[in-house]
Amino acid sequence: MRGDSHYSRDLQLGAAMGAWASSRDSPIQTELDGPRSGDELEHIWMLTISGDHLEAVVTLFRGARAEVTVVWFSAKEDGVYTGRGTGLTPGRLTEMLDGIAVMERGGAAPAWLRPVAES
């Protein structure tokens with residue numbers, strides 16, 4: 001059974017993700033899926049971000065947890081990057097999304113994102 005405080009925070013995070021997505025202009029395109037109902041292992045929100053230089057998926061899970069995957073097509077640092085956040089607030093989630101937007105504009109990857117080692 002989910003607690004009211006967790007459910008409320010999940011809704012706040014979804015609203016923050018939706019507000020961020022709706023405020024984007026070209027070349028960043030977004031697609032938001034959610035909310036979904038399900039157990040704690042299933043995502044409740046998923047945001048797909050596409051631009052000229054990257055594609056990213058930000059997946060929110062119950063309990064204010066997020067997992068992020070970015071495929072970056074930058075000439076200097078192309079590759080796959082992953083990151084996660086726990087105990088998220090709407091402000092922190094927005095900061096994470098802004099970090100992805102910086103990458104799209106040619107900036108550096110934020111410290112919370114790490115390149116996936118190639119095998």
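Predicted model, so just to flag it, every value in this text is computed and none were measured. Index from 1, following the sequence.
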Can you find a heavy atom in the side chain of [X] that is under 4.5 Å from one in the side chain of [Y]?
X	Y	answer
Leu97	Ile49	yes
Leu93	Trp20	no
Arg9	Leu13	yes
Thr82	Glu67	no
Val68	Trp112	yes

How close do [X] and [Y] get, counting heavy atoms only, and between which atoms?
X	Y	value
Ala101	Ile28	CB-CD1, 3.9 Å
Ala108	Met103	O-CG, 3.8 Å
Gly18	Leu32	CA-CD2, 3.6 Å
Leu60	Gly14	CD1-N, 4.3 Å

Common cluster, [X]/[Y], ILVMFWY with side-chain heavy-atom separation under 4.5 Å:
X	Y	value
Tyr81	Met46	no
Val71	Val116	yes
Leu54	Val57	no

Hey, does the side chain of Glu104 reach the backbone of His53 with a donor-acceptor pair shorter than 3.5 angstrom?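 A pair under 3.5 Å: yes.
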Quick one: pull up [atom1] in [X] and [atom2] in [Y] and give me the separation to the nearest 0.5 Å.
X	Y	atom1	atom2	result
Thr94	Leu88	OG1	CG	10.0 Å
Gln12	Met17	CD	CE	14.0 Å
Arg84	Arg65	CZ	CZ	9.0 Å
Leu11	Ile44	CG	CD1	7.5 Å
Asp52	Gln29	CG	CD	9.0 Å

Hey, are Trp45 and Asp10 close enough side-chain-wise for a donor-acceptor pair under 3.5 Å?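 No pair is found: no donor N or O on one side chain lies under 3.5 Å from an acceptor on the other.
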Does atom CZ of Arg24 have more than 12 heavy-atom neighbours, drawn from other residues, nucleotides or ligands, at distances under 6.0 Å?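 Enclosed: over 12 neighbouring heavy atoms sit under 6.0 Å from CZ of Arg24.
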Val58 vs Met96, test: side chain to side chain contact (heavy atoms under 4.5 Å, CB included). Steps then yes/no. CA-CA 10 Å; Val58 181; Met96 292 171 73; over 6 Å; no
